[in-house]
Amino acid sequence: MKLWGGRFTKATDSFTDHFHSSISFDSRMYKQDIEGSIAHAAMLGRQGIIPMEDCELIQKTLKEILVDIESGKVEFDEKAEDIHMNIETILIQRIGDTGKRLHTGRSRNDQVALDIRMYLKEQIKDIKVLVKELMTVLNNMAEKNTDTIMPGYTHMQNAQPVTLAHHLLAYVEMFKRDYDRLSDTYKRTNVMPLGSGALAATTYPLDRDFVAEQLGFAAITLDSMDGVSDRDFVIELLSALSIIMMHLSRFCEEIIIWNSQQYKFVEMDDAYSTGSSIMPQKKNPDMAELIRGKTGRVYGHLMAMLTVMKGIPLAYNKDMQEDKEGVFDAVDTLKMCLPVFTRMIDTMTVNKENMYNAARKGFMNATDAADWLVKQGVPFRDAHAIIGRLVLYCINSGKNLDDLTLEEYKAVSTVFTEDIYNAISLETCVNTRTVKGGPSEEYIKGLIKSNKKIIAEMK
Ligand code: ARG
């Protein structure tokens, strides 16, 4: 008979059993379920709700069950529906009536809310470590490339020269925000719902604060109806994970472009590339493509969860069982993508020369050339027109601004002197942008230093 079978006269249809059972995916919360039950039992004993010797036997047996699960000795049963009833069933099989006292003052509704919060707290911590590792690699790589000049793009057109360090640090900024978002989600996940009961709490004198303390929660939920029916933290996490994937995906897109024959800015390590089954010459950036692709499934889980929750009246409804597979898959996906991405970046080779040569194309120093004229007293609009004419001349003669002779410059404006060459060198363009946030080596070195401190202090 089912643990809830008292008022039933018929067994569940076997197809129904299969349909509504969640053990195939919620078994991964076995540890949290057992830890939660141990804390609950401790509280029941302490409050005199169950005899102390029952409390002790329950705790001891739960610990044994944990060991047995971890050594593969336990087989879960679909008919017992979910991880909560599977473990309770095993407990009762082992210690009979004493085991039946564990569920006093508790419902699976607050139990599952507790387990998922505990499980996700651990996952958030793991993912934060992975984000931190990625930031470390990016910041170190930036340190080696503060003078690696490359084109900066707008509209995918050469715009102004930047450095690879400047580009990499843009991603460090994104991952800093991602890290903060995870910490913020953690705060709202770190609230203990047990004691909410099915929805209206309980008449037993539970000590919820004691349970929260035992399990390392910072606070308890303050309304039992909210306690059992809130899944905002799942949605928040999915949203934070989606944003991380979006950042990884943008970066992957760039790496795929940089790795192409047309760009050759970077070369992926063989260990992070794959070949073609037909074209022997191929070396494809599959890892980057797969991460870009997997972004879709994480977004999908966020959308699914928002949609699952939108029509659920208070309090618990079985729809909420749909919270797990998506967020579990999202967490698994991030835990694969982040380390692969980090190693892929860490092992790729940067072709500084190709980046530099690409930065020489597209008249990216045109703004600086106009600014130089302005500094010589030419009004900006006139300077803009003069450089415009020179650019047109360069296009027609297949030259760069830097390659023009002083005579060619002077033919358009007599203001030009030898100084123009230094003023429009890529190095000058980059390093005179000393304003905070800009690409100058001076500023970027300072940012790398402060990032190191920020990363070291991240907890
Ligand atoms: N497996 C269920 C879930 O994941 C546990 C709670 C079930 N509660 C209930 N009253 N059916 O949400």
Side-chain angles (χ1 to χ4, degrees), residues 1-8 10-37 39-40 69 74 76-92 100 102-123 189 191-202 211 215 221 224-235 237-238 301 304-332:
M1 192 174 78
K2 299 260 199 269
L3 287 178
W4 41 251
R7 60 100 68 216
F8 287 77
K10 253 190 187 178
T12 325
D13 177 89
S14 63
F15 194 65
T16 308
D17 261 337
H18 179 64
F19 175 66
H20 84 147
S21 162
S22 52
I23 188 66
S24 63
F25 52 86
D26 66 16
S27 60
R28 66 159 82 191
M29 302 193 302
Y30 69 87
K31 191 167 73 111
Q32 291 73 21
D33 195 72
I34 289 178
E35 281 171 10
S37 289
H40 180 65
I69 293 174
V74 172
F76 295 125
D77 180 7
E78 191 173 79
K79 288 204 173 55
E81 265 182 63
D82 52 28
I83 188 61
H84 326 292
M85 292 209 296
N86 265 278
I87 290 176
E88 197 183 333
T89 304
I90 299 167
L91 182 74
I92 294 169
K100 292 183 189 163
L102 169 65
H103 210 51
T104 313
R106 188 175 71 170
S107 156
R108 264 188 303 153
N109 298 351
D110 56 353
Q111 190 179 356
V112 71
L114 174 73
D115 292 3
I116 184 102
R117 282 176 185 266
M118 288 173 69
Y119 181 81
L120 293 182
K121 274 173 66 180
E122 273 184 36
Q123 300 306 312
T189 308
V191 185
M192 208 289 297
L194 209 63
S196 301
L199 76 161
T202 170
V211 175
L215 295 173
T221 56
S224 61
M225 295 184 75
D226 180 52
V228 289
S229 65
D230 165 31
R231 293 294 183 275
D232 292 3
F233 57 95
V234 176
I235 295 172
L237 178 58
L238 284 168
H301 296 317
M305 197 55 201
L306 282 166
T307 313
V308 165
M309 293 305 292
K310 75 180 264 295
I312 305 186
L314 295 184
Y316 178 86
N317 294 263
K318 186 81 168 195
D319 318 39
M320 290 166 123
Q321 181 168 290
E322 286 291 306
D323 62 353
K324 288 174 208 63
E325 283 159 292
V327 76
F328 290 167
D329 182 70
V331 159
D332 293 347

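Counting starts at 1 for both ligands and their atoms, in listed order.
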**Q** By number and element, which atoms of ligand 1 are closer than 4.0 Å to a non-hydrogen atom of K324?
**A**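 So the answer, numbered in order with elements, is 3 (C), 4 (O), 12 (O).
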**Q** Do any N or O atoms from the side chain of K2 and from the backbone of A11 form a donor-acceptor pair under 3.5 angstrom?
**A**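 Checked: no pair found.
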**Q** Against heavy atoms of S22, which atoms of ligand 1 measure under 4.0 Å?
**A**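 Within the 4.0 Å cut-off of S22, ligand 1 contributes 1 (N).
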**Q** Under 4.0 Å from any heavy atom of D82, which atoms of ligand 1 are there?
**A**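 Listed by number with element: 1 (N), 2 (C), 5 (C).
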**Q** What are the two closest non-hydrogen atoms of I83 and D26, and how far apart are they?
**A**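 Residues I83 and D26, closest heavy atoms: N-OD1, 3.0 Å.
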**Q** Does F233 have R117 sitting over its ring (NZ/CZ under 6.0 Å from centre, angle to axis within 45°)?
**A**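 R117 over F233 ring: yes.
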**Q** Would one find more than 12 heavy atoms of other residues, nucleotides or ligands at under 6.0 Å from atom NZ of K318?
**A**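 Correct, the count exceeds 12.
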**Q** Return the closest protein heavy atom for atom 2 (C) of ligand 1 as residue, atom name and distance.
**A**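 For atom 2 (C) of ligand 1, the nearest protein heavy atom comes out as Q321 OE1, 3.3 Å.
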**Q** Is K324 paired with D82 through a side-chain N to carboxylate O contact shorter than 4.0 Å?
**A**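 Looking at D82 and K324, the cut-off is not met.
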**Q** For atom 11 (N) of ligand 1, find the nearest protein heavy atom and state the residue, atom name and distance (0.1 Å precision).
**A**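 Here the closest protein heavy atom is R108 NH2, 3.6 Å.
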**Q** Can an N or O of N109 be found at a distance shorter than 3.5 Å from an N or O of ligand 1?
**A**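 Yes.
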**Q** How far is atom 6 (C) of ligand 1 from the closest protein heavy atom, and which atom is that?
**A**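 Of every protein heavy atom, Y316 OH, 3.4 Å lies nearest to atom 6 (C) of ligand 1.
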**Q** Does the side chain of I23 come within less than 4.5 Å of D77's, by heavy atoms?
**A**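 Contact flag for D77/I23 side chains = no.
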